[in-house]
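Everything on this sheet refers to the single structure shown next.
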Amino acid sequence: MSAPLKPLPGTSDIWPPEVYEWLELEDAARRVFPLYGYEELRTPVIERTELFVHGIGDQTEVVQKEMYTFEDRGGRSLTLRPEGTAGVMRAVAGLGLSSGEERRVFYLGPMFRGERPAAGRRRQFHQVGVEAVGRKSPAADAECILMLLHYLEAVRVRDARVLLNTRGTAEDRRVASEVYRKYFQARIDGMCEDCRRRAGTNVWRILDCKEPQCQEAIGAAPEMLGLVAGESRAFFREVLNVLEACGANYTVAPRLVRGLDYYEHTVFEVVHDGLGAQNAVAGGGRYRLFLPGQKAPVEGVGFAAGLERLILVRQALEVRAPVREDIDAYVVCLGAAALRVGLALSVKLRRCGLRVLCELGGDRSMKAQMRSANKAGARFALILGEREVADQVVTCKAMRTAEQTERPLAELPEWLTAAVATAASRNNK
RNA sequence: GUGGCUGUAGCUCAGGUGGUUAGAGCGUCUGGUUGUGGCCCAGAAGGCCGUGGGUUCGAGUCCCAUCAGCCACCCCA
């Protein structure tokens, strides 16, 4: 493909048959989440930049170097959303949530981050996500994770692992980051260049560094669960208790930190080994998010799952969405007069819910038209030649069996509806 | 932003050490006597060999640059 016709790097056109994978994932979201009382919310893809800077945190990687930010004509700074939570929270807060009121929403759509594309990582990628706002309880966190597992099951993703950790409260993290800072500064000599920098700026990131020379120090580092206050620990333990009571498998991952500042208490990730380097299919947690101009933070729990990654996992598992519904009939027309009759017939059949392709050329040979019928996967070829038009009949050929009968034109909708139904039921046996 | 791999037909790919009009399979289209698809047979269309420069009598092939794609790091979905 020549350059001007190619989609931008990190973006792609989604054609059949892949688009059917997307439909299945989207349909499953719209089916499963409402079972838990969630309703769909659609927010804009573009927001004021400050929403993300405040909401996600100005020290995060996402905000610092991955956002698509630009000025509009009025000189305002706008940004293509890099994640879903901030926009959803803006919308929810804008509604005016009274205290004690709950709100459960899910969303579906494109997100944008200016990264170098790789397997399972795109600049425009797509997430389905949920947010449950207004109830702080371990059960809410657990239910959120259970719903995610339900969704994964619905989209036939097996063998996914749930990783869980706690980040405690803001106060817990203040205490803990002091501990980590001292701990890593004492061991900084053997560690990689990035971690030396992080020891000053962002100690949390050290915890999921993959450099071999850092592993020893990281492995021996104190665990977050041991550093948080008793109340935070109890909260986390209760999340685990509920998960256990509901029969969910999970692994506590003391190194799990996540990259967005708004998380606190429960954080989780769902990973899958079928993915390669980008092995997270979904992630989320409990959050307190400060919106611009608001005194009180919005609290909730939620997750986002990456559709591209779910599709990759499904490929690894050899799960495929049903590809294409076959065409019920192809109308073969010989000559201009037949073509007019054929088009009229096609429209009538489609109004009966039948999938019909009609020849549009008129001057193509019958052989060529039959080839098209075959290529389209048509169950029936409906043949209209001079003779049929004169007699007001249609020659109906069943493509699988090559059986052929002639029917009055007027009876065709009824006849074909029945014929397709019996052919379909025979096929299912 | 850093590194590795790869760019030949719509797709998947062949094209030893440079040497005439660049090939195959699949796909597409047409035909194989009147109005019948799938298999088979015949034929056709379709390529500035990613782009630019260099070496050479001669470059798809060697060298340099550049662009694009893929993958990895970083980070995350």
### Query
Does A/P9 or A/L307 map to a spot on RNA chain B nearer the 5' end, using the closest nucleotide for each?
A/P9
### Query
Toward the 5' end of RNA chain B, which comes first, A/E61 or A/L8, by nearest nucleotide?
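It is A/L8 whose nearest nucleotide is closer to the 5' end.
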### Task
Taking all heavy atoms of A/A248 and all of A/L149, pick out the closest pair and write down the distance.
CB-CD1, 3.9 Å
Regarding [X], tell me which of base, sugar-phosphate or nothing describes its non-hydrogen contacts under 4.0 Å with the strands shown.
| X | result |
| --- | --- |
| A/A373 | nothing |
| A/A378 | nothing |
| A/R113 | base |
| A/Q124 | nothing |
| A/I383 | base |
| A/G129 | nothing |
| A/E115 | base |

### Task
Could you work out the separation of B/rG58 and B/rU2 based on their C1' atoms and round it to a whole Å?
40 Å
### Query
Should we count CZ of A/R135 as having more than 12 external heavy atoms under 6.0 Å?
no
### Task
Determine whether any donor atom in the side chain of A/Q404 lies under 3.5 Å from an acceptor atom in the base of B/rU36, or the reverse, and answer yes or no.
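Looking at the base of B/rU36, it does pair with a donor or acceptor on the side chain of A/Q404 (distance under 3.5 Å).
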Looking at [options], which one has an atom nearest to any side-chain atom of [X]?
| X | options | value |
| --- | --- | --- |
| A/F125 | B/rG3, B/rA77, B/rG37 | B/rA77 |
| A/E66 | B/rC75, B/rC73, B/rU36 | B/rC75 |
| A/R371 | B/rG38, B/rA72, B/rG35 | B/rG38 |
| A/Q127 | B/rG37, B/rA77, B/rU36 | B/rA77 |
| A/T395 | B/rG37, B/rU36, B/rA77 | B/rU36 |
| A/K375 | B/rA77, B/rU36, B/rC29 | B/rC29 |
| A/L260 | B/rA77, B/rU36, B/rG38 | B/rA77 |

### Task
Measure the distance from CG on A/N279 to C1' on B/rC75 and round it to the nearest whole Å.
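Checked: the CG to C1' distance equals 13 Å.
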### Query
Atom CG of A/L275 and atom P of B/rC71: how far apart are they, to the nearest Å?
12 Å
Within the pair [X] and [N], is there a side-chain N or O less than 4.0 Å away from OP1 or OP2?
| X | N | value |
| --- | --- | --- |
| A/S365 | B/rU30 | no |
| A/K367 | B/rU36 | no |
| A/R364 | B/rG31 | no |

### Message
Check A/E21 with A/R320, please: is the shortest side-chain N to carboxylate O separation under 4.0 Å?
### Response
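Yes, A/R320 and A/E21 are salt-bridged.
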### Query
Since syn is defined as within 90° of 0, does B/rG25 count as syn or as anti?
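B/rG25: anti glycosidic orientation.
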Pairing partner (Watson-Crick or G-U wobble, both distances under 3.5 angstrom) of [N]:
| N | value |
| --- | --- |
| B/rC73 | B/rG1 |
| B/rA44 | B/rU28 |
| B/rA65 | B/rU51 |
| B/rU20 | none |

### Query
Does A/R187 count as lying over the ring of A/Y183, i.e. NZ or CZ under 6.0 Å from the six-ring centre, within 45 degrees of the axis?
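The answer is yes; both the distance and angle limits are met.
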### Message
side-chain hydrogen bond (donor to acceptor under 3.5 Å, both in side chains), that's the test. Do A/E359 and A/S372 meet it? Break it down for me.
### Response
CA-CA 9 Å; A/E359 174 68 15; A/S372 296; 5.1 Å; no
### Task
Would you mind telling me which of A/E299, A/E131, A/E264, A/H265 makes a side-chain hydrogen bond (donor to acceptor under 3.5 Å, both in side chains) with A/Y287?
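With A/Y287 as partner, A/E299, A/E131, A/E264, A/H265 yield a single side-chain hydrogen bond (donor to acceptor under 3.5 Å, both in side chains), made by A/E131.
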